[in-house]
Number of protein chains: 2
Amino acid sequence: MSKENRAGIADVAARAGVSITTVSHVLSGRRPVSDKTKAKVLRVVQELDYRPDPSARGLRTGRSEAVALVVSDVTNPFYPQMAAGLQDVLQPQGFLISICSVRENSEDLDAALRHLLDRKVDGVVLASLTAQERHYAAITDAGASLVRLSGELDPRFGDIVRADDTGGMADAVTHVLERGNRRIGFVNGDPDTAPGRLRLAGYERALRDFGVEFDESLVVSGPFTRAGGVEGAHALLALDPAPEALVCANDLIAVGALDAVRERGLSVPRDVAVTGFDDIEAASLLSPPLTTVHNPAREIGRTCARLILERLSEGPAQGAREVVLPQKLIVREST
Amino acid sequence: MSKENRAGIADVAARAGVSITTVSHVLSGRRPVSDKTKAKVLRVVQELDYRPDPSARGLRTGRSEAVALVVSDVTNPFYPQMAAGLQDVLQPQGFLISICSVRENSEDLDAALRHLLDRKVDGVVLASLTAQERHYAAITDAGASLVRLSGELDPRFGDIVRADDTGGMADAVTHVLERGNRRIGFVNGDPDTAPGRLRLAGYERALRDFGVEFDESLVVSGPFTRAGGVEGAHALLALDPAPEALVCANDLIAVGALDAVRERGLSVPRDVAVTGFDDIEAASLLSPPLTTVHNPAREIGRTCARLILERLSEGPAQGAREVVLPQKLIVREST
DNA sequence: CTGTTAGCGCGTTCAA
DNA sequence: TTGAACGCGCTAACAG
């Protein structure tokens, strides 16, 4: 039984010959302490391996040095990547990161937020798609910093961090144009979703900037799935003349496009170039490895963390900020 | 400013006309309370939307209703899957799950565990490969439950949960045998690692059980990578007669094997069958979709959670348990 | 079956 | 520049 009771602030004070108050202030720096006693206290803190009890501190301060990441599905590889970014920044500062996966319905989210806010998390990164205003309000009302990954900017409801879907897609299309292709098909996902809309906009913008005229018949839509990609690609490849490249709205669609190209006995990239979007793990494992646009999930996580830290130190007085991070084109062998 | 102060236990007591103690015991059930007062208290709890403050409770009890998952790389898709399993079981019980990613060096792990134990986590699921005995001891000494994913069972150091690598590989080999193949190559990863050893054992066992004699020349080793798979597969396919199937020690190796088969102008599965192990996301996206063995990560997570809950309620008196979960063969189109 | 009381370990007034 | 003393909100002896 190694039951050696952990040292408390009182032990430190006694051993250093000062009051509890002084120890507290040495550690928090919230009031001047003479260099001499400060040194002595710090030495004793070392000797006793003293660390303040987070529960006791939380009880007094209402803070917890913890940040929560609320997602709709931990299993989506985007989120762990974000979590890694949060850790990069927050772990060294002594913050704890809790990941909270919530089914996409608002009662679950209500419950999860209650739990988290009861525990006095200092910040919440909200990646749940079904979040409502009342959820935002619950978080900020509880005094926690909020960062969202989508939605409208509102000074009451924290900051927003997101990636530049339009710009990323424009880069992909530009790349394909620079490879000499002009007749470029676009296999979109659901055009009523934000990614569908923004990525299509990127496609159009790149064509315009390159002086290539937009041809409506080269754009097809479907679900963001492999099957959607197969169908969309077949439709475009049946055109006469067939497109020289298929730009896909996500990697799953691109996988399907690859299937379709193969089914027609054509070769990638010789006969037709294919690009994806997202850079899922599989992208580099396909044959040929897929040229795609990498969603900077980790960098998004880091940015969220920094915004939270800023709010924590500057107080809640400032307005809302929106940070848009560039997507990065990854050129592999499918173009 | 919706600053309405949260209701405390005292408010509940006052409104219900009982003592604070009684409220506490109604909620904890740790001593009998008359049905009448119990009902009244519960009603007031509802009305005031009272929830005990976790910090205050933690300060008193030394517990936190939180469990930590310590991993070496959040980004490895196995861990989020495990985390989801933990959530499945722990979230409904009101537990918070913290994921903690630690670089594979022991000082980082020391620091992370200190933080977690300071916060009085009730349990730790330790998936870090470099954990030492002193880390196990730190956890159990702090009174937290420990579950590990590998290593030797030791009554002092909590329970172990893992998947049956040997059985899973035996299933894969048996499946290939049942398809009529007899000359089966095995592309292993590093045979000095636990997976390398256990999976090779599964290969040998399946052959033996099927009455096929083991042929050493059909086994090659290399790294657990795509490149390793390319090289190993080429070596085996150069044999005369060539193997009818390539069983690979993980999916990355299988991707490489697929490359090699293609490079030789052969077709999968017509000329040669290929299997993987792990069932990474990419497995189903390859062409052909890969037959592989699914690591029951989520079920592992659930099991860890259950073991922790059991220890929490039964006290630390019991001995250590080891739970081995079956791997599941996923038959796709590469066989 | 119920209430009174004493801390848990810290941060923070207030006083010196 | 320093201390003494109070209380954050709760649980667990210890009475009754």
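Heavy atoms of A:Ser34 sit under 4.0 angstrom from primed sugar atoms or phosphate atoms, though from no base atom. Among the heavy atoms of the strands lying under 4.0 Å from B:Thr37 are primed sugar atoms or P, OP1, OP2 only; no base atom is included.
Judged by distance alone with a 3.5 Å cut-off, no donor-acceptor contact links the side chain of A:Thr22 to the base of D:dT1. Side-chain to base pairing of B:Arg60 with D:dG9: no donor and acceptor N or O lie closer than 3.5 Å to each other. A donor-acceptor contact under 3.5 angstrom links the side-chain atoms of B:Thr21 to the base of C:dT4. Judged by atom type and distance alone, A:Arg31 reaches the base of D:dT2 through a side-chain donor-acceptor pair under 3.5 Å.
Computed from coordinates, the B:Asp118 CG to C:dG9 P distance equals 13 Å when rounded to whole Å. A:Ile20 has its CD1 atom 19 Å from the P atom of C:dC14, to the nearest Å. One can place CG of B:Asp11 at 9 Å from P of D:dG9, the figure rounded to the nearest angstrom. Atom CG of B:Leu27 and atom P of D:dA12 are 13 Å apart (whole Å). The CD1 atom of A:Ile9 sits 14 Å away from the P atom of C:dC8 (whole-angstrom rounding). At whole-Å resolution of the value, CG in A:Asp35 and P in D:dT1 are 9 Å apart. Taking atom CG of residue B:Leu59 and atom C1' of nucleotide D:dA12, one finds them 13 Å apart after rounding to whole Å. Following rounding to the nearest Å, A:Lys40 (NZ) and D:dT1 (C1') show an atom-to-atom distance of 15 Å.
For B:Arg134, the CZ atom is densely surrounded, since the number of other residues' heavy atoms within 6.0 Å is greater than 12.
A donor-acceptor pair is defined here as one N or O able to donate and one able to accept, closer than 3.5 Å; no such pair exists between the side chain of B:Arg15 and the backbone of B:Val41. The main-chain N or O of B:Glu65 is found under 3.5 Å from a side-chain atom of B:Asp122 such that the two form a donor-acceptor pair. The backbone N or O of B:Val18 lies less than 3.5 Å from no partner atom in the side chain of B:Thr22, so there is not a single donor-acceptor pair. Checked by atom type and distance alone, the side chain of B:Arg103 never pairs as donor or acceptor with a backbone atom of B:Glu107 at under 3.5 Å.
Between A:Ser55 and B:Val33, the residue whose closest nucleotide on DNA chain C is further toward the 5' end is B:Val33. Of the two residues near DNA chain C, B:Pro32 and A:Ala10, the one whose nearest nucleotide lies more 5' is B:Pro32. Judged by closest nucleotide on DNA chain D, B:Ala56 is the one of B:Ala56 and B:Arg30 placed further toward the 5' end.
Within the structure, every side-chain polar atom (N or O) of A:Ser24 is placed at least 4.0 Å from both OP1 and OP2 of C:dC10.
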